[in-house]
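Okay, so here's the structure we're looking at.
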Amino acid sequence: MTIRVIIVDDQAMVRAGFAALLAAQADIDVVGDAPDGRRGIEVARAALPDVVLMDVRMPELDGLAAAREILSPPPGVGRVPKVLMLTTFDVDDYVYEALRAGASGFLLKDAPPADLISAVRVVAAGEALLAPSVTRRLIADFAAQRPAPRKNGAALRLNGLTPRETEVLELIARGLSNQEIAGRLVLAEQTVKTHIGRVLSKLGLRDRAQAVIFAYESGLVTPGDR
């Protein structure tokens, strides 16, 4: 199945370079691009992509505001793409807010070409781009700067999870992959995927990125936990 992608970035050279790289892949089709967030929303609604590569800092409408609109469409918009944020900086408050808004992760613009291709495939498959250590550090920093009280709405929602599902959520938040979680809990990897699906469904979360943010905001995990 071909992955439909649009690229939203205010630098024409970046858009052209990313488009050429991605279009050269047999399983990726670049179906549009835009120079700012406002136009990016329009292109996303018209082209119906699977993945939106969204620059964080842009004129007219920044990537965060555009991501929010794309991920929270008005009634009648049936298809919601995945959003992968692009940033020049490895620490950026916009990234935290983008993850909270439902973005599936972020990628540094100077990442190797192979990482960009892989990121598009990972996000299109429904996973969050949380493997790089820098992402885990950013989310931990976010939680440290914005500590959440344990007796909040997020904490109460944890009561709907089984003990095993709570364990799985905790390990996701610590940055473990499905394979690592399976090894830690002595489970089959497919069983782990099933638990993750139930966690996301019960908590009303889009993907692993939101699961990590939720785990910190609910107090299930705190910065520095191992």
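Keep in mind it's a predicted model, so treat the numbers as computed, not measured. Sequential numbering from 1 along the given sequence is applied to the chain's residues.
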Worksheet item: Do the side chains of V5 and V120 get nearer than 4.5 Å, heavy atoms only?
Response: yes

Worksheet item: Quick one: does P81's side chain get under 4.5 Å of V52's, heavy atoms only?
Response: yes

Worksheet item: Which pairs with one or both residues in residues 190-205 pass side chain to side chain donor-acceptor pair (under 3.5 Å), sequence neighbours excluded?
Response: E165-K202

Worksheet entry | Salt-bridge contact R15-D9 (side-chain N to carboxylate O under 4.0 Å) | no

Worksheet, complete the sentence: Exactly one of L200, V212, L158 clears side-chain contact (heavy atoms from CB on, under 4.5 Å) with L169, and that residue is L158

Fill in: Sidechain-backbone polar pair: D50 side chain, R4 backbone, donor-acceptor under 3.5 Å
yes

Worksheet item: Of I70, L64, L71, which meets side-chain contact (heavy atoms from CB on, under 4.5 Å) against R68?
Response: L64

Worksheet entry | Gap between atom CG of L205 and atom CZ of F214 - 0.5 Å precision | 6.5 Å

Worksheet item: So, the side chain of S72 versus the backbone of E69: is there a donor-acceptor pair under 3.5 Å, distance only?
Response: no

Discussion item. With a 4.5 Å cut-off on side-chain heavy atoms, are P113 and L21 touching?
Written reply: yes

Worksheet item: Would R45 and E42 satisfy salt bridge (Lys or Arg N to Asp or Glu O under 4.0 Å), going step by step from the backbone distance to the final call?
Response: CA-CA 5 Å; R45 299 270 162 81; E42 296 172 359; over 6 Å; no

Item to complete: Taking the side chain as every heavy atom from C-beta outward, state whether L53 and D33 have any pair of such atoms under 4.5 Å apart.
Response: no

Discussion item. Tell me whether Q25 contacts the main-chain N or O of L22 through its side chain, where contact means a donor paired with an acceptor under 3.5 Å.
Written reply: no

Worksheet item: Is D27 close to R121 at the side-chain level, that is, under 4.5 Å between some pair of heavy atoms?
Response: yes

Practice prompt. For the residue pair I3 and D29, establish whether any side-chain heavy-atom pair is separated by less than 4.5 Å.
Written response: no

Discussion item. Donor-acceptor check, side chain of D55 to backbone of M58, threshold 3.5 angstrom: yes or no?
Written reply: no

Discussion item. Please determine whether a side-chain nitrogen of the Lys or Arg among D10 and R57 lies less than 4.0 Å from a carboxylate oxygen of the Asp or Glu.
Written reply: no

Discussion item. Could you tell me if the side chain of V199 sits less than 4.5 Å from the side chain of T166, heavy atoms only?
Written reply: no

Practice prompt. Taking S118 for its side chain and A114 for its backbone only, find out whether a donor-acceptor pair lies under 3.5 Å.
Written response: no

Worksheet item: How many angstroms lie between atom CD of E180 and atom CD of E189, to the nearest 0.5 angstrom?
Response: 10.0 Å

Worksheet item: Mind checking whether I172 and V168 have side chains closer than 4.5 Å, heavy atoms only?
Response: yes

Worksheet item: For R164, which residues count as a side-chain hydrogen bond (donor to acceptor under 3.5 Å, both in side chains) partner, sequence neighbours excluded?
Response: E167

Worksheet item: If you measure from the Lys or Arg side-chain nitrogens to the Asp or Glu carboxylate oxygens, is any gap between E170 and R174 under 4.0 Å?
Response: yes

